[in-house]
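Okay, so here's the structure we're looking at.
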Amino acid sequence: MKYLSFSVLVTTVLAISRTTPPSGSITVCSSGCDYATIQKAISSISTSSTSAHNIFIYSGTYTEQVTVPALDGSLSIYGYTTDTSSYAENVVNLQFDLSIASGATDDEHTAALINLSENVAVYNINIKNTYGEGSQAIALSAYNTKQGYYGVGLYGYQDTLLAETGNQIYARCYIQGATDFIFGQHARAWITGSTIAATAAGDITANGRSSSTDVSYYVINDSTIGATSGATLTAGTVYLGRPWSEYARVCFQDCSLSSIINSAGWSVWSSSDPNTDDVTFQEYGNTGTGASGTRASFSTKLSAPITIDTILGSDYEDWVDTSYL
Ligand SMILES: *[C@@H]1O[C@H](CO)[C@@H](O)[C@H](O)[C@H]1NC(C)=O
Ligand SMILES: CC(=O)N[C@H]1CO[C@H](CO)[C@@H](O)[C@@H]1O
């Protein structure tokens, strides 16, 4: 098998510390490690090497824009943590301050972490775009398939997570933003056991599936949707999603929805361009104040939850770290 089975690697470390580098890791810290920046560690890997590579990052704030080129081998990036089972104890921060307004060539190039390769797993790192309100400013541009994010924190305001291409999993993650903060055009994303936090009124998802044949599908499973800690948000001012393109496809299932979610659930793209004729906006088994009310006519309630293999394929266990499910 070409790729390492991540589940074999980390099943035994879930819910415990990862404070020393897994053997064979390239290490990153401000001084005394192999490299002082995350980018230098990634760039030290030959793109044509088919080996599995590990990078271990010690506690700290790394202010840089990191690009992972297409690699022929798999890559696991581990952040130092005293609790691998969650983002809550993360002490590794990768942050960058860039937006379209401040000069990026396009939205995807605003991200702190961009264009990852196939077969990449990221553990226990907070990835932040610190630009704030006012322009598109991505934390993570996820642009390839078989990407897993485990105990990762994603922080932004507008367009925090670009889930653009391929099959991707986000498990026990934290995703923060206000405007269209989970968005993209072609990816199939499974988000599970995570916390999605809104800092202001707006739309959580903005899926850009533009035709009935595009594979894009976002499923948010078993997650908690509410306001950012400390934010005062008026009830009913946040929507599960709006359609960036007319075939947008998103499901929230078995989630806890706080009162910030509007009773209609879903929103139009804009009043002049609603984009709702062909959307697939689904819910199943949601609970909480935000799960009640008369939903938008262009949304549907499912009679059974969607399964992970429906979204990520029957071979998902070959690359997903199933200890996080
Ligand atoms: C989906 O959510 C259910 C809880 O409703 C949970 O038991 C299950 O493990 C989740 N599935 C995956 C594959 O994440
Ligand atoms: C940010 C970035 O480098 N994006 C590139 C990711 O890969 C796609 C497909 O090869 C390119 O079109 C993007 O420019």
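Whatever order the structure lists ligands and atoms in, that order sets their numbers, starting from 1. Just so it is clear, the model here is predicted, and its values are computed rather than measured.
- The nearest protein heavy atom to atom 7 (O) of ligand 1 is not closer than 4.0 Å.
- Relative orientation of the Tyr149 and Tyr170 rings is parallel, given thresholds of 30° and 60° on the angle between their planes.
- Using a 4.0 Å cut-off to heavy atoms of Ile308, the atoms of ligand 1 that qualify are 13 (C).
- A 4.5 Å side-chain heavy-atom check between Arg242 and Asp180 finds at least one atom pair inside the cut-off.
- Remark: the Thr81 side chain and the Thr84 side chain contain no N/O donor-acceptor pair separated by less than 3.5 Å.
- For ligand 1, the atoms lying closer than 4.0 Å to a non-hydrogen atom of Leu325 are 14 (O).
- Protein heavy atom in closest approach to atom 5 (O) of ligand 1: Asp254 OD2, 2.9 Å.
- Defined by atom type and a distance below 3.5 Å, a donor-acceptor pair is missing between the side-chain atoms of Asp309 and Tyr316.
- In this structure, atom 14 (O) of ligand 1 lies nearest to the protein heavy atom Thr192 OG1, 2.9 Å.
- Results of the side chain to side chain donor-acceptor pair (under 3.5 Å) test with Thr192 over Asp222, Asp254, Asn221 single out Asn221 as the only residue that passes.
- The aromatic rings of Trp266 and Phe281 lie parallel to each other, their planes meeting at an angle below 30°, with 60° marking the opposite boundary.
- With respect to atom 2 (O) of ligand 1, the closest heavy atom belonging to the protein is Asn221 ND2, 2.4 Å.
- In the candidate list Tyr324, Trp190, Tyr316, Trp190 is nearest to atom 13 (C) of ligand 1, counting heavy atoms.
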